[in-house]
Structures are given as structure tokens and as C-alpha cells.
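Below you'll find the structure, written out as C-alpha cells, and then a few comments.
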Amino acid sequence: MLFTGDEVFDFIEQEDVKFIRLAFCDVYGRQKNISIMPEELKRAFSDGISFDASAIIGFGNEVKSDLLLFPIPSTFNVLPWRPSRGKVVRMFCDIRRPDGTPFEKDPRKVLKDAVKAAAEKGISVNFGSEFEFYLFKTDENGNSTKIPFDNAGYMDVAPDDKGENIRREICLNLYDMGIRPESSHHEEGPGQNEIDFRYSDAVTAADNAMNFITVVKACAMNNGLFADFSPKPLKNESGNGMHINMSVKSADGKDVSPNFMAGILNRIREITAFLNPSEDSYRRLGEKKAPKYITWSHENRSQLVRIPAAKGEYRRIELRSPDPTANPYIAFALLIYAGLEGIENALSAPEAVNANLFTADESVTKGLQSLPQSLAEAKEIARNSEFVKAHLPKGLTE
């Protein structure tokens, strides 16, 4: 349900809400929030709630460091893992400067601008993400160990799969928040799990991604476990991916998906630093179903882009390189801009590579272009990219 401002006030009054969390995302994709009491909500809607931007890495320094949070009623959620008495709710916020102008380094604004640019060209893009994460046991102090919660494998069932009930709890919490998970199962690694989302518009999908990580970590902690979303938690096991599925529609009914995909393939090296922003990201790429080469194919999980076997509304482009350390707002924005460029310039993708690139002979792979092999390389490519400079605020990239 999408709330209006009046409905938010009514709910808070009638449902014993005691704390309201005003949430936003920093440039690195970490969710931040400040809690206010119900009596402060009217002021939040009208005047905003100030915070110290200089304390948020990437948002600025001590000079003119005041920014304001303005809650967005349509993002209103009850946090179902909090007490039923004295409820806690959360809303995502727009970030503005004291003069009322939008804060240019707000990742959510960056994505909203990309969505607007696409709409002006008659293009809409829906996103659905597939998140992988590990569940590790904790020590006597509640700190994470590297001992997996179970030793089950891909799509195993209980009792080998000990994560079944926790995934169920996660999915029910998401459902209570109005977020629809599509499927869940045990992944290849010991203690590794995956939960997939149904499609939604880009901003909602990014909001859902932020909510999802919070829900998973909260449910894991409530069960005495630690949820690890890092790209390579265990050296010799599968890494954690955040596969991004995109469904592209044109107002004139034309199938522009091939051009959209070609645009992404054309710019992927330049935006990899934002899709894979940690050192561990590059330990994951190139093995155990994580791509290395800039290729595509139908129904082939060794490729960077896979076109799954699906019909109708489920037809999509699946990008397999991103991982959960990416900021979803920035990642989705850059993918939209790259895809739009592909449509505008009528780009064509290279020929599909119908081979298993994890086992292929060098005669197959030697002519293929690779993703950046390190974070340093990815950053250098992004730093010199006119495409990145054109679509991301200078202060954000710095």
C-alpha cells in the first residue's frame, strides 16, 4: 500500500507508533537513518529534519554541512521485527539543502533523474534483483565467525538446509512490508542463500534492495547468526552476487531490449567500479558462475549477460557481474543511462558466445574483452570515463 501524508499521520496515531526512522543512503550504498518521535513528524514533512552531512563520507565537509531530510509518505513501512507495542516505522527521504534545492549527491535523486531521462524518451525499465548471502554462526560475544550455518548445497532441502526457516522468516517480514519476494532457496556455498524479487520500477526496486539487506541482517541476528553480503566471504566457495534483471519497454511498442543490452555491454568497463566497488568483488569475478568476459548469450550462466528462457512479462536481460556491495541507486541509474545510449545510437551487441567460458579453450577466450581485473583498474577506467562524468555529479565520483 502506498501511503499519503494524511494516512501516515492516521496510522501513527491509531497503531501505537513510538519511533519514526527517517532513512537515506550514502554514496557507498549504506543505509543511514535518524529516529524522531511522532510529535516531530509534522515538522519533518514541512521543514525537514537536519543532519550533519560532513559526518557522512562523500556528502561534503564541515563548510555548509547542514542538510535536511524530508520523508516520502509512499515509502512508509512498519518494521515487523520490532515490538508490536510501541511500533517502529520507517520512511525513505529526499535530501535537500537549507535553501530547498535537492542535494545533488543523494543517490536516490541520481536514480530519479535517470528514470526521468528515460521517460522523456518513452522508455521504462523495471528491475528485479537476485541477492545471495551467507549465514555464519556467531561466537559467544555475538560476533561473526566464518563457520557456515550449514553444509548444504544448491537447492538442497531440510534438514541439510538449515536456512529454510530463516528464509521463510525473511520472506514473511518482507511481505508484511509490502515487498514481494519471488523465490528463495539454498545456494551452492555452505550456508549460502538466495532470495529473488519480482519486478518493480527502478526507484522502488532500489528501495526494496535497501530494505532487504536490513531485514536479512535483522532476522539473522534474531536467530543468533550473522548475514554476510560481501562478494567473497569464503576463499574457495561461491561468491555473493546481486544479479540485476531488467525489463525494457518502449512507448511505441518497439523491442528495444537488444539495443539497451548493447549499450550496457558498450559501457560496462566504465561502470564496473560502481557495480563491484570492493576489493573482494574482483576475487569473485571469473569463477563459480561469476563472469569475467564482456559477452552475452541465451540461457548461459557463464556469460556477463544472460537472456533467460522466459516468456511475456518475464522476458528480461540478466546482468550477472554486480554484487551486493554496489549502491543499487547508482548501479540502476548507470545501467539506465548506458541502455538509453544503446537505444539512441541503435547499437548492436556483438555475436552471442555460445560456450561455457569457465572451461573454454584459450582459442575461444583470447579475443574476448574482459571486465576490469582489480578495483584499482576499475576506478581508473571510471575516473577517465566521459560517460560517468556526464551522468554522475562530480562530488559523488570524487
Side-chain angles (χ1 to χ4, degrees), residues 80-81 128-139 142 144-200 205 208-209 211-245 284 287-291 298-303 306-311 313-314 316 318-320 322-324 356 358-359:
W81 63 89
S129 301
E130 303 173 11
F131 279 91
E132 296 169 338
F133 59 94
Y134 275 80
L135 291 174
F136 290 122
K137 296 179 181 180
T138 54
D139 62 20
S144 175
T145 67
K146 288 297 182 180
I147 303 171
F149 185 45
D150 61 35
N151 290 299
Y154 186 69
M155 285 193 174
D156 279 350
V157 298
D160 294 331
D161 171 18
K162 295 181 181 178
E164 185 179 75
N165 287 335
I166 297 174
R167 292 196 305 275
R168 177 179 178 274
E169 183 180 334
I170 291 166
C171 289
L172 290 175
N173 273 300
L174 290 170
Y175 192 82
D176 287 344
M177 296 174 72
I179 302 170
R180 293 182 63 187
E182 189 173 65
S183 63
S184 65
H185 59 85
H186 199 285
E187 255 298 336
E188 287 188 348
Q192 190 183 28
N193 299 266
E194 178 176 316
I195 296 178
D196 304 340
F197 287 95
R198 286 187 63 85
Y199 286 100
S200 56
N208 287 349
N211 277 324
F212 172 75
I213 292 172
T214 303
V215 171
V216 172
K217 288 184 175 181
C219 290
M221 184 178 67
N222 290 342
N223 284 275
L225 301 169
F226 178 81
D228 192 328
F229 285 90
S230 63
K232 196 67 174 174
L234 297 176
K235 183 177 180 181
N236 296 315
E237 300 292 347
S238 295
N240 287 324
M242 181 184 74
H243 302 160
I244 298 176
N245 294 281
R284 166 184 166 262
E287 64 172 34
K288 296 184 182 292
K289 296 185 180 179
H298 292 272
E299 306 169 36
N300 187 334
R301 285 179 168 80
S302 71
Q303 309 288 326
R306 180 176 78 102
I307 308 299
K311 297 180 180 179
E313 65 175 301
Y314 295 99
R316 63 191 188 273
E318 179 189 15
L319 182 67
R320 298 179 58 80
D323 64 62
N356 183 345
F358 299 127
T359 59

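All heavy atoms count here, side chains included; hydrogens, waters and symmetry mates do not. If you're wondering where the values come from, they're calculated on a predicted model, not measured in any experiment.
I170 places none of its side-chain heavy atoms less than 4.5 Å from the side chain of S184. At a threshold of 4.5 Å between non-hydrogen side-chain atoms, the residues M177 and W81 count as touching. In this structure, K289 and S238 have side chains that are not in contact, with every pair of non-hydrogen atoms separated by 4.5 Å or more.
At least one donor-acceptor pair under 3.5 Å links the side chain of T138 to the backbone N or O of G224. A distance-only check finds a donor-acceptor pair linking the side chain of D228 to the backbone of S230 [under 3.5 Å].
Residues E169 and N222 have side chains that never bring a donor and an acceptor to within less than 3.5 angstrom of each other.
Looking at K232, Q192, E194 one by one, the single match for side chain to side chain donor-acceptor pair (under 3.5 Å) with N240 turns out to be Q192. Among R306, E132, E130, the single residue meeting the side chain to side chain donor-acceptor pair (under 3.5 Å) criterion with H243 is E130. Of the residues listed (V215, I195, I166), the one engaging C171 in a side chain to side chain contact (heavy atoms under 4.5 Å, CB included) is I195, and it is the only one.
For D150, the side-chain contact (heavy atoms from CB on, under 4.5 Å) partners at least two apart in sequence or on another chain are A152, D161, K162, H186. Partners of T145 under the side-chain contact (heavy atoms from CB on, under 4.5 Å) rule, at least two apart in sequence or in another chain, are K137, D139, I147.
Note on R316 versus E318: no salt bridge recorded, every NZ/NE/NH1/NH2 to OD/OE distance being 4.0 Å or above.
Note: F133 and F229 have tilted aromatic rings, judged against thresholds of 30 and 60 degrees for the angle between ring planes.
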Run F136 and K146 through side chain to side chain contact (heavy atoms under 4.5 Å, CB included) and show every step you take.
CA-CA 6 Å; F136 290 122; K146 288 297 182 180; 4.1 Å; yes
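Note that the CZ atom of R180 and the CG atom of D196 stand 14.0 Å from one another [nearest 0.5 Å].
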